[in-house]
Amino acid sequence: MSDFVSVTRDGRIAVVTIDNPPVNALSFHVREPLMQALVSLRDEPDVAAIVIACAGRTFVAGADITEFGKPVQQPDLRAIIAVLETIAKPTVAAIHGTALGGGLELALGCHFRAADTGAKLGLPEVKLGLLPGGGGTVRLPRLVGALKALSMIVSGTPIGAAEALAAGLVDAVFEDGLTAQAVRFASEMVGRGGPFTPVRDRDGRLDRAELPEFDRQAAELVKKARGLEAPIACAQSVRNAITLPFDEALAAERELFVKLVAGDQSRAQRHLFFAEREAAKVGAKDIVRRKIARVGVIGAGTMGGGIAMAFANGGFPVTLLETTQEALERGLATIEKNYAVSVARGSLSEDAKRLRLGLFKGSTDYGDLADCDLIVEAVFEEMAVKREVFGRLDAVAKPGAILATNTSYLDVNEIATSTSRPQDVVGMHFFSPANVMKLLEIVRAEKTAPDALATIVELARRIGKVPVVVGVCHGFVGNRMLAARGSESEALLLEGATPQQIDQVFTDFGWPMGPFQMGDLAGLDIGWRNRKARGQTAIIADTLCEQGHFGQKTGSGFYRYENGSRTPAPNPEVETLIRDKAAEKGIAPRTIGAEEIIERTLYPMINEGAKILEEKIAARASDIDVVWVNGYGFPVGKGGPMFWAGLEGIDKIIGRLDHWHERTGKDVFKQAPLLRQMAETGSWEGAAS
Ligand code: 3H9
């Protein structure tokens, strides 16, 4: 029928197959022939039932996200589903891979859903700043109940086939031969005889008595939304499914969808969706990746242990190396404890825990790293120590093994010189806790071989990380921009702001926490050590560290943490310290507003980001956004610092940077030339070209 939709017959059952690689998105060129096929099969007397299936690796994974923000070309998905629901003969969606968003909505337009055992079903629109716009919020509750629908739609997390069967979302699960089984299932339904009720007319699971519980759960979920509009719209729309007649609820869903899809938050989240995928495209497609079968990790402390877990979670056998048996045992015990916590929380099964622990081999002998294809060191952050480790690695690692340093700041080019094979050396900057945090900055050193780099990027995706390739400079992308933010946060304290006030401005902006809460959580000693190595100071943070206040781990830092609590409480001693230090420097405290806090902390970050682009430390502005959203909690609804700069207005940012530069003379406010280019062309591209 078309290159993208074909119809075959199996007896009296018609099979409509969508074939739109890579993920069978419902692009216009799919919708048009799909609509035609359904209309003609509906009216075809020889056809007793219709199965909708997909070619390739997955069922429809959603609407075509690249079409959002452009005029809708008819037929849209809603029109297709409306036609599906006029078909009296049984319709069956045959689901393999992922039925997501518009894909699941298409399946909800069918009378029945058959899935293979590995299928995943979900409505992840919320992650794109949207709500399901093809009737998902009003049909899903009719099958699984409003409470289950609420949690699926507000979280956006897909469920597996078995859970979908138990919840009533699918009608049958098959181990193999899905399309043939779906055809058999459709024949059975034909035999059973109609009438077949479309999902829209099945109200049995909607219960007004559930409303108080629904509202309680919705309020809890929405509280976590931190200023995002989509989760609120999702909850509202599922509630409408209970309180309004179907067509009214559907119209209300549409209205919310149209509003969200045109809004800045969804634009920001769609930008991030493509940015993450773009960041992972490194090197020519045909580069032969190196084979990674076993990974070595040096250092079983917090960072090394987390990195080792990240690889084991991805199914890789790991050799974990420590200097002493005692340190090794301590590290392995912590890993075991972390997995036990996951089991207790219900996020990991006992079996999976056993399997993962079985992947670890502990050692205190460098010789045991000889069979590793990748070795990641996570030892003390000091050049001399790193160089020694790499010298030893050079002596034992097999030819072609990739040697990675998990450094946050150090010069990877210099580290590479302590080996005879700099082409195999790369930086892998994990974020703590390394088994949880998604971001991985992959540092390309001067001599890193393209195939080594491409291998690590691909491997990162395999272990569930979001990779971003960065160049060598102090702090790479993330920590370098963090430093620009940090120095002004301190300055604001001396001029009259409090840590609470600054942190509040950040949380109001949408960050999970502000700079001082984050410093306390990460450990103030980390920045202190780093500043000392570079001959820099931060008067308040340095004094706190000199007095042994490192943050949460010592019970006090910028805040107090009473009796092991993780909730920050104001720390009057810090406020006294700030006032004393300000007086010593002759700075009279003044009232500082939220706007100034934003201008002096976030604008320098953007300025630094522009410098990073000029120096080609990052390849694209969107890579910087990916770093900040995945590694530092920049609010997703604002799309990362460089995207947000566009929303905020580059001219405004330039003007305020100039203002603060004039007033303070500080380098962080000295305008990067690229900002002017961005203001003129509206694009960050073409930096330094
Ligand atoms: C929606 O459905 C709205 C409706 O409710 C209402 C409509 C009215 N569109 O991730 P991958 C591209 S909203 C366009 O690397 P994987 C992706 O950019 C949608 N393109 O593969 C990439 O391109 P490239 C709701 C899409 O195997 C390539 O496909 N659905 C779309 O790791 C491969 O992607 C979602 O939010 C799309 N919908 O993961 C699901 N999806 O190669 C979004 C992917 O040029 N998709 N691409 O870089 C996913 O979550 C993952 O892609 C999936 C596969 C799990 C399917």
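As the structure lists them, so they are numbered: ligands from 1, and atoms in each ligand from 1.
A cation-pi geometry, defined here as NZ or CZ lying under 6.0 Å from the six-membered ring centre and within 45° of its normal, does not hold between Lys127 and Phe273.
Heavy-atom distances between Thr58 and ligand 1 stay at or above 4.0 Å for every pair.
Looking from atom 15 (O) of ligand 1 to the surrounding protein, the closest heavy atom is Arg461 NH2, 3.0 Å. Closest to atom 51 (C) of ligand 1, if we only count protein heavy atoms, is Arg277 NH2, 4.0 Å. Of all protein heavy atoms, the one lying nearest to atom 12 (C) of ligand 1 is Pro22 CG, 4.5 Å. Looking only at protein heavy atoms, the nearest one to atom 6 (C) of ligand 1 is Gly133 N, 3.5 Å. Looking at atom 55 (C) of ligand 1, its nearest protein heavy atom turns out to be Leu100 CD1, 4.1 Å. Nearest protein neighbour of atom 48 (O) of ligand 1, counting heavy atoms only, is Lys281 NZ, 2.8 Å. Among protein heavy atoms, the minimum distance from atom 38 (N) of ligand 1 is reached at Ala63 O, 2.8 Å. With hydrogens left out, the protein atom closest to atom 44 (C) of ligand 1 is Val23 CG2, 3.5 Å, a heavy atom.
Checked against a 3.5 angstrom limit, the closest N/O atoms of Ala61 and ligand 1 fall inside it. Residue contacts with ligand 1: Arg57 is placed with a nitrogen or oxygen under 3.5 Å of a nitrogen or oxygen of the ligand (distance criterion only). Between Gly62 and ligand 1, no pair of N/O atoms sits closer than 3.5 Å.
Here is the list of ligand 1 atoms found below 4.0 Å of a heavy atom in Asp64: 9 (N), 14 (C). The Phe68 neighbourhood of ligand 1 comprises atoms 3 (C), 13 (S), with distances under 4.0 Å to a heavy atom of that residue. Within ligand 1, the atoms closer than 4.0 Å to a non-hydrogen atom of Gly101 are 2 (O), 25 (C), numbered from 1 in the order shown. Using a 4.0 Å cut-off to heavy atoms of Glu125, the atoms of ligand 1 that qualify are 1 (C), 2 (O), 3 (C), 4 (C), 5 (O), 13 (S).
Nearest-residue assignment for atom 19 (C) of ligand 1 (options Asn24, Leu128, Asn20; heavy-atom criterion): Leu128.
To the nearest 0.5 Å, atoms CD1 (Ile287) and OG1 (Thr455) are separated by 8.0 Å.
For CZ of Arg270, the number of neighbouring non-hydrogen atoms (other residues, nucleotides, ligands) closer than 6.0 Å is greater than 12.
Counting heavy atoms closer than 4.0 Å to ligand 1, residue Glu278 contributes nothing at all.
No donor-acceptor pair closer than 3.5 Å links the side chain of Arg239 to the backbone N or O of Leu150.
Inside a 4.0 Å radius of atom 53 (C) of ligand 1 there is not any protein heavy atom.
Among Glu105, Glu85, Glu253, the one residue that satisfies the side-chain hydrogen bond (donor to acceptor under 3.5 Å, both in side chains) test with Arg139 is Glu85.
Checked against a 6.0 Å centroid threshold, the rings of Phe59 and His96 do not count as neighbours.
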